[in-house]
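Here the structure is laid out as structure tokens; the discussion comes afterwards.
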Amino acid sequence: QVQLVESGGGLVQPGGSLRLSCAASGVTLGDDYTIGWFRQAPGKERELVAGITSSGGSTNYAESVKGQFSISRDNAENKVYLQMNSLGPEDTAVYYCYARRSATLAGYWGRGTRVTVSS
């Protein structure tokens with residue numbers, strides 16, 4: 001079965017940084033899978049934070065996190081990362097990893113990792 005497992009979340013002070021990881025099993029992310037990091041804050045809809053193409057050659061970010069977050073991937077490790085800097089309370093959310101084959105709509109979701117930015 002396919003499994004995506006996020007890690008790296010936790011409690012961080014405002015202005016701090018975290019790096020989230022998404023480790024895949026049962027699927028080879030390098031086989032033309034695009035990856036997205038999503039987040040869902042309490043009482044809000046899930047939103048796309050960052051996306052990256054299968055080769056890592058193209059990335060996109062939500063306007064709210066441009067210049068603050070950075071998505072990357074290591075296909076050899078079968079992992080995807082989200083570097084989050086200058087965190088503020090508005091970044092508090094559960095962060096989810098999502099992977100899908102390019103040119104398909106179906107994909108796989110992780111269970112999420114919680115990020116709490118406490119003032």
For Tyr98 and Thr34, what are the C-alpha separation, side-chain angles and deciding distance, and is it a side-chain contact (heavy atoms from CB on, under 4.5 Å)? CA-CA 8 Å; Tyr98 174 75; Thr34 59; over 6 Å; no

Locate the shortest heavy-atom distance separating Tyr96 from Gly110; write the atom from each residue and the value.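 In terms of heavy atoms, the two residues are closest at CD2-O, 3.6 Å.
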
Give the minimum heavy-atom separation between Ser118 and Pro14, together with the two atoms involved.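 Between these two residues, the closest heavy atoms are O-CD, 2.5 Å.
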
Please determine if Arg46 forms a cation-pi arrangement with Trp109, meaning its NZ or CZ atom is less than 6.0 Å from the six-membered ring centre and no more than 45° off the ring axis.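 Positive - Arg46 is close enough to the ring of Trp109 and near enough to its axis.
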
Has [X] got a side-chain atom pairing as donor or acceptor with [Y]'s backbone, closer than 3.5 angstrom?
{"X": "Gln68", "Y": "Ser86", "value": "yes"}
{"X": "Asn75", "Y": "Ser54", "value": "yes"}
{"X": "Thr28", "Y": "Gly30", "value": "no"}
{"X": "Arg73", "Y": "Asn78", "value": "no"}

Measuring from Arg114:CZ to Leu11:CG, what's the distance to the nearest 0.5 Å?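 It is 11.5 Å, given to the nearest 0.5 Å.
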
Using 0.5 Å steps for rounding, measure from the OG atom of Ser72 to the NZ atom of Lys79.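 Going from OG on Ser72 over to NZ on Lys79, the span is 11.5 Å.
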
Does a side-chain heavy-atom distance below 4.5 Å link Thr59 with Thr53?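 They are not in side-chain contact.
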
Please list all pairs passing the side chain to side chain donor-acceptor pair (under 3.5 Å) test where one or both residues lie in residues 2-20, with sequence neighbours left out.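 Those involving residues 2-20 are Ser17-Asn85.
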
Remaining members of the apolar cluster that contains Val80, side-chain heavy atoms under 4.5 Å: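 Same cluster as Val80: Val2, Leu4, Val12, Leu18, Leu20, Val27, Leu29, Tyr33, Ile35, Trp37, Val49, Ile52, Tyr61, Val65, Phe69, Ile71, Leu82, Met84, Leu87, Tyr95, Tyr108, Val115, Val117.
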
Hey, mind stepping through Arg39 and Glu47 against side-chain contact (heavy atoms from CB on, under 4.5 Å) and telling me if it holds? CA-CA 6 Å; Arg39 69 183 180 187; Glu47 64 172 344; 2.9 Å; yes

